[in-house]
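Along the sequence shown, the residues carry numbers beginning at 1.
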Amino acid sequence: MSETNEQRQERQQKDILEVELAVSRWLRVGVVLSAAVIIVGLVLFFMEGSSGYPGSSYPHSLPDIVSGIASLKPYAVITAGLILLILTPVLRVAISIWVFVREGDKLYTGITTLVLLILIISFILGKA
């Protein structure tokens, strides 16, 4: 018994809806997680009364941020939350590549892969 064209379209629509719901869940998780990390950083800042860094300096590189988080320096924790917030839509782009590959859409797979590469290169060149 073969699947009719109408059944196939219905199944594809259901698959697309499931993927969109999964992506929206990941985006919500990313935003909530980043907000929680930023709030923890703000609480640390108000408890300590300082950024955890001398003068007006703050962490500039990923290793500085990681070591600052390990030391519970407020600005490092806040910065980590902001990085998580920035990376949340990048995750959406990566998931989109997987969706387009699964659907067999070569054009959008290529375009989305190019967008992801541009984002990654901009992070590297921007020293994020």
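Criterion: ILVMFWY side-chain heavy atoms under 4.5 Å apart, direct or through other members. Under it, I69 and L85 are not part of a common hydrophobic cluster. Hydrophobic clustering (side-chain heavy atoms under 4.5 Å, transitive across Ile, Leu, Val, Met, Phe, Trp, Tyr) groups L72 together with L33. Residue L119 is grouped with residue I86 when hydrophobic side chains (ILVMFWY) are merged at heavy-atom distances under 4.5 angstrom, including chains of intermediate members. The same ILVMFWY cluster, assembled from side-chain heavy atoms under 4.5 Å apart, contains both V90 and V115. Residues V93 and I124 are members of one and the same hydrophobic cluster, defined by side-chain heavy-atom contacts under 4.5 angstrom among Ile, Leu, Val, Met, Phe, Trp and Tyr.
If you take CD1 on I39 and CG on L44, they are separated by 12.0 Å, rounding to the nearest 0.5 Å. Distance check, rounded to the nearest 0.5 Å: CD1 of I121 to CG of L116 gives 10.0 Å. Atoms CG and CD1, on L125 and I120 in that order, are 12.0 Å from each other to the nearest 0.5 Å. Taking OG1 of T112 as the start and CD1 of I95 as the end, the distance is 12.5 Å to the nearest 0.5 Å. Taken to the nearest 0.5 Å, the CG atom of L84 stands 8.0 Å off from the CD1 atom of I38. To the nearest 0.5 Å, the span separating CD on Q13 from CD on E10 amounts to 9.5 Å.
Residue pairs that meet the side-chain hydrogen bond (donor to acceptor under 3.5 Å, both in side chains) test with at least one member in residues 64-80, sequence neighbours left out, are S61-D64. Applying the side-chain hydrogen bond (donor to acceptor under 3.5 Å, both in side chains) test to residues at least two apart or on different chains, the pairs with a partner in residues 94-104 are R92-S96. The list of side-chain hydrogen bond (donor to acceptor under 3.5 Å, both in side chains) pairs with a residue in residues 22-41, not counting sequence neighbours, reads S24-R28. Screening residues 45-55 for side-chain hydrogen bond (donor to acceptor under 3.5 Å, both in side chains), with sequence neighbours left out, gives no hits.
Among residues two or more places apart in sequence or in another chain, the side chain to side chain donor-acceptor pair (under 3.5 Å) test is passed with T88 by none.
Under a 4.5 Å side-chain heavy-atom criterion applied to ILVMFWY residues, the cluster that includes L21 comprises L17 as well.
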Kindly determine whether F123 and L87 satisfy side-chain contact (heavy atoms from CB on, under 4.5 Å), including the steps that lead there. CA-CA 10 Å; F123 288 144; L87 290 178; 3.9 Å; yes

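For the residue pair A76 and P59, the shortest heavy atom distance occurs at CA-CG, 4.0 Å.
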